[in-house]
Amino acid sequence: DAGITQSPRHKVTETGTPVTLRCHQTENHRYMYWYRQDPGHGLRLIHYSYGVKDTDKGEVSDGYSVSRSKTEDFLLTLESATSSQTSVYFCAIGTDSSTDTQYFGPGTRLTVL
Amino acid sequence: TQLLEQSPQFLSIQEGENLTVYCNSSSVFSSLQWYRQEPGEGPVLLVTVVTGGEVKKLKRLTFQFGDARKDSSLHITAAQTGDTGLYLCAGGRSGNTPLVFGKGTRLSVIA
């Protein structure tokens, strides 16, 4: 158990509403990541953070924003949810961006109607 | 552009058979990791290889990193139903650049 929790675990929402997903770690790791996983696309990086208030975009960042005000929490916000953002979202943590283990959370299944 | 290509995409075999899955790229990576993901869960790390030509064994699983650090393979001997899952490879690069993931090989081992 790598000490990562995600909340909520499941969410159904309507198009146009804002949604915030939370990732919480107890390991004090520097790096945190948000991915989405969809059939045929694999894991795709949305945003990542390499420290408090230090974030950067991944390959599919459009329509998403993130914040990291504390080491332990990394928030992913969908400003105005669309049906194309229906997916399973995974948070991951790591001590090194390029070579170290990434520990993944249990995932959040988001459905946008 | 998919930096890491995994093959095959799907594989269904009988229990006791051997299998190999591949992870290929035209890019050089500083490290290569393999993860296994079961339904409804997040990926779990199996191994990290960092040296060209490196071979690591984890019980019935053998991992190899190519000499040029552009490709890797995962060989499973005498597959068991518990090996069923999605196998993902991920390549590491220098600096703050995050891991690059392949799309995965979905393995089904039938009793």
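Each chain gets a letter, A, B and so on, in the order the sequences are listed, and its residues count up from 1.
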- Task: Flag yes if B:Val44 and A:Ile4 sit in one hydrophobic cluster, no otherwise; membership is Ile, Leu, Val, Met, Phe, Trp, Tyr, and two members link when side-chain heavy atoms are under 4.5 Å apart.
- Result: no

- Item | Residue-level interface, residues 58-66 of chain A with chain B, non-hydrogen cut-off under 4.5 Å | none

- Message: Under a plain distance cut-off of 3.5 Å, with no hydrogens placed, do A:Thr20 and A:Thr77 share a side-chain donor-acceptor pair?
- Response: yes

- Non-hydrogen atoms of chain A under 4.5 Å away: do they reach the side chain of B:Leu86, the backbone, both or neither? side chain

- Message: Within the supplied structure, the quantity of interest is the number of heavy atoms (other residues, nucleotides, ligands) at a distance under 6.0 Å from B:Gln80 CD; does it exceed 12?
- Response: yes

- Pick one of side chain, backbone, both or neither for A:Leu45, based on which atoms fall under 4.5 Å of a heavy atom in chain B. side chain

- Greater than 12 external heavy atoms within 6.0 Å of B:Glu15's CD: yes

- Nearest heavy-atom pair of A:Ile93 and A:His29: which atoms, and what distance? CD1-CD2, 3.2 Å

- B:Gln37 versus chain A, the contacting section by heavy-atom distance below 4.5 Å: side chain

- Message: Any donor-acceptor pair under 3.5 Å linking the side-chain atoms of A:Tyr35 with those of A:Gln37?
- Response: no

- Item | Among A:Thr13, A:Thr86, A:Val88, the one residue meeting side chain to side chain contact (heavy atoms under 4.5 Å, CB included) with A:Leu110 | A:Thr13

- Message: What part of A:Gln6 gets within 4.5 angstrom of chain B, counting heavy atoms only: side chain, backbone, both, or neither?
- Response: neither

- For the student: nearest non-hydrogen atoms of B:Thr84 and B:Val109, plus distance: OG1-N, 3.0 Å

